[in-house]
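Every value quoted in this text rests on a predicted model; they were computed, and no experiment measured them. In what follows, every heavy atom counts, from backbone to side chain, and hydrogens, waters and symmetry copies are set aside.
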Amino acid sequence: MDLRPHQREAVDAILRALELPARALTPERGLRTQVVMATGSGKTLVAARSAEELHANRVLVLVPSLDLLAQTETAWREGGRSGPMIGVSSLRGEEVSFPNTTDVDDLLDLSRQQGAAITDALSSIGTVQNEIDRRTS
């Protein structure tokens with residue numbers, strides 16, 4: 001899918017923000033950035049394209065609603081993302097096509113079952129990452 005000019009500009013800015021200088025080590029907690037764009041401007045597409053161009057194995061996406069959680073999964077799949085996804089939400093069963101939980105132990109178990117650290121965790125609960133960091137450090 002082709003990007004609009006403002007979306008391409010955002011992807012390029014993300015790539016610059018996450019670029020490491022030559023011989024630099026990745027920070028212990030990984031590389032992070034935040035994207036702020038208007039409603040309907042294509043944040044989900046920008047995020048999916050950025051992850052693709054960065055060859056990112058693990059991506060944490062935070063969304064503010066259950067509707068956006070399901071929408072994000074659909075958009076990422078349509079954008080070519082084929083890896084495992086784990087949701088941190090109350091969605092269950094037929095509401096979404098990937099596993100979801102609100103329990104940190106279940107989240108860690110799911111991530112281990114899928115053979116990765118927390119991979120594409122689509123989350124509306126901001127404190128989960130802190131708890132995961134605490135339990136896995």
Q: Under the side chain to side chain contact (heavy atoms under 4.5 Å, CB included) rule, what do F98 and L69 come out as? Steps first, then yes or no, please.
A: CA-CA 11 Å; F98 54 94; L69 179 67; 4.1 Å; yes
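- Partners of A38 under the side chain to side chain contact (heavy atoms under 4.5 Å, CB included) rule, at least two apart in sequence or in another chain, are S41.
- Remark: T44 OG1 to L68 CG distance equals 7.0 Å, nearest 0.5 Å.
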(Q) I'd like to know whether S89 forms a side chain to side chain contact (heavy atoms under 4.5 Å, CB included) with T102, so could you lay out the CA-CA distance, the side-chain angles of the two residues, the decisive distance to 0.1 Å, and finally the verdict. (A) CA-CA 6 Å; S89 80; T102 55; 5.6 Å; no
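- Scanning both residues, S97 and E73, for their nearest heavy atoms gives OG-OE2, 3.0 Å.
- Side-chain contact check for V88 versus N100: every heavy-atom pair is 4.5 Å or farther apart.
- Taking every heavy atom of both residues into account, T72 and V61 meet most closely at CG2-CG1, 4.1 Å.
- Distance CD1/I14 to CD/Q34: 11.0 Å, rounded to 0.5 Å.
- Qualifying side-chain hydrogen bond (donor to acceptor under 3.5 Å, both in side chains) partners for T74, counting only residues two or more places apart in sequence or in other chains: none.
- Looking at L18 and L54, their side chains come closer than 4.5 Å, going by heavy atoms from C-beta outward.
- H6 places a side-chain heavy atom less than 4.5 Å from the side chain of M37.
- Annotation: the span from T101 atom OG1 to D105 atom CG amounts to 9.0 Å, rounded to 0.5 Å.
- For R4, there are no side-chain hydrogen bond (donor to acceptor under 3.5 Å, both in side chains) partners two or more places apart in sequence or in a different chain.
- To the nearest 0.5 Å, atom CD of residue E52 and atom CH2 of residue W76 are 10.0 Å apart.
- Under 4.0 Å is where a charged nitrogen must lie from a carboxylate oxygen, and between D12 and R8 at least one such pair does.
- Counting non-hydrogen atoms of neighbouring residues, nucleotides and ligands closer than 6.0 angstrom, the CD atom of E53 exceeds 12 such neighbours.
- Annotation for M85 and R81: closest pair CE-CG, 4.1 Å, computed over non-hydrogen atoms.
- In this structure, L3 CG and R49 CZ are separated by 4.0 Å, a value rounded to the nearest 0.5 Å.
- If you take CD on Q7 and OG on S50, they are separated by 10.5 Å, rounding to the nearest 0.5 Å.
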